[in-house]
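This report refers to the structure that appears directly beneath it.
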Amino acid sequence: MIGSDRFYCAFDAGLAAAGLPAAFRRRRGKPSRYDCALPGVTLEFWFQVNPKASAIPYQPGEFRPSITAPDRGGDHDDATVSWYQYADEAMIAAFLAQQARVRDHVAAQTEFEPDIWREQRDVSLRTMQSFIDLGLRPAWPDSALYYLDESDAQT
C-alpha cells in the first residue's frame, strides 16, 4: 500500500504520460487537481485519496474522481458532474478491468503480520468483487476506485 503522496505522484505521472488534451491543465500546488476549459464552462477535476483507507495495511487505497462545474452550481445544485455519465462502454470496461487488476494485486499478497490482516484482506477482496460486479453508474458519481501501488495509480 502506498500513501497519498506517492499515489498523487504516480497518478499525475500516469495522466501526463497518457497525453491530456490541450484544454486540461494541472492546478498549481494542488495534487491531482485539474481544470478543463470548455466553451461556456470550466470543469474542475479532483482525484481525492481517502486517507483513512490508505493507512490500513494490506488493504487497497481508495480515490474518488470528482468533477464539478462550479460556475453552473446554484442553491439546489452542487455542480457535480458524473464521471461515468459521459463514459462510453469501452471506457467503463477499462475502468472495471483496472479495478480487477487492483483486486488481483491485493489477492497476490502472501506475507502478513499479524495474520488477522489476511482475514481482513479476504473480506476486502469480496467487497471489491461486489463493487466490480455492480459496475459504475452515472447515479453514483462519487464511487471510489481502488489502488494498491504505484502501477495501479499510474494506470
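Worth knowing before you read on, the calculation uses all heavy atoms, side chains too, and leaves out hydrogens, waters and symmetry mates.
- Considering only heavy atoms from C-beta on, Ile56 comes within 4.5 Å of Trp117 through its side chain.
- In this structure, Tyr147 and Phe11 have side chains that are not in contact, with every pair of non-hydrogen atoms separated by 4.5 Å or more.
- Between Glu44 and Arg27 a salt bridge is recorded (basic side-chain N to carboxylate O distance below 4.0 Å).
- When all heavy atoms are compared, the tightest approach of Leu96 to Ile132 is CD2-O, 4.1 Å.
- Counting all heavy atoms, side chain and backbone alike, Leu20 lies closest to Phe24 at CB-CB, 4.0 Å.
- Residues Tyr58 and Phe63 are members of separate hydrophobic clusters, defined by side-chain heavy-atom contacts under 4.5 angstrom among Ile, Leu, Val, Met, Phe, Trp and Tyr.
- Looking at Gln59 and Arg121, their side chains never bring a donor and an acceptor atom within 3.5 Å of each other.
- Considering only heavy atoms from C-beta on, Phe95 comes within 4.5 Å of Leu145 through its side chain.
- Nearest heavy atoms, Met128 versus Val102: CE-CG1, 3.8 Å.
- Here the straight-line distance linking atom OG of Ser4 with atom CD of Gln48 works out to 10.5 Å at 0.5 Å rounding.
- Under the rule for a side chain to side chain donor-acceptor pair (under 3.5 Å), the partners of Asp149 that lie at least two apart in sequence or sit in another chain are Ser151.
- Here the side chains of Leu38 and Cys36 are in contact, with some heavy-atom distance below 4.5 Å.
- Chaining together hydrophobic side chains whose heavy atoms lie under 4.5 Å apart places Trp140 alongside Leu134.
- The backbone N or O of Val106 sits less than 3.5 Å from a side-chain atom of Gln109, completing a donor-acceptor pair.
- Residues Arg103 and Leu125 are in side-chain contact: their nearest non-hydrogen atoms beyond the backbone lie under 4.5 Å apart.
- The two residues Thr42 and Ala37 make their nearest non-hydrogen contact at OG1-CA, 4.2 Å.
- Under the side chain to side chain contact (heavy atoms under 4.5 Å, CB included) rule, Phe47 has a single partner from Ser66, Ser32, Pro31, which is Ser32.
- Taking CG from Asn50 and CZ from Arg64, the interatomic distance works out to 6.0 Å, rounded to the nearest 0.5 Å.
- Taking each heavy atom of Ser143 and Pro65 in turn, the nearest pair found is O-CD, 3.8 Å.
- Arg101 and Asp152 are not joined by a salt bridge, as no carboxylate oxygen comes within less than 4.0 angstrom of a charged side-chain nitrogen.
- To the nearest 0.5 Å, atom CE of residue Met91 and atom CG of residue Asp88 are 6.0 Å apart.
- The shortest heavy-atom contact between Ala69 and Val41 is CB-CG2, 3.8 Å.
- Within the 4.5 Å cutoff, the side chain of Tyr146 has heavy atoms near those of the Phe131 side chain.
- Tyr34 has its side chain out of reach of Leu43: every pair of non-hydrogen atoms, C-beta onward, lies at least 4.5 Å apart.
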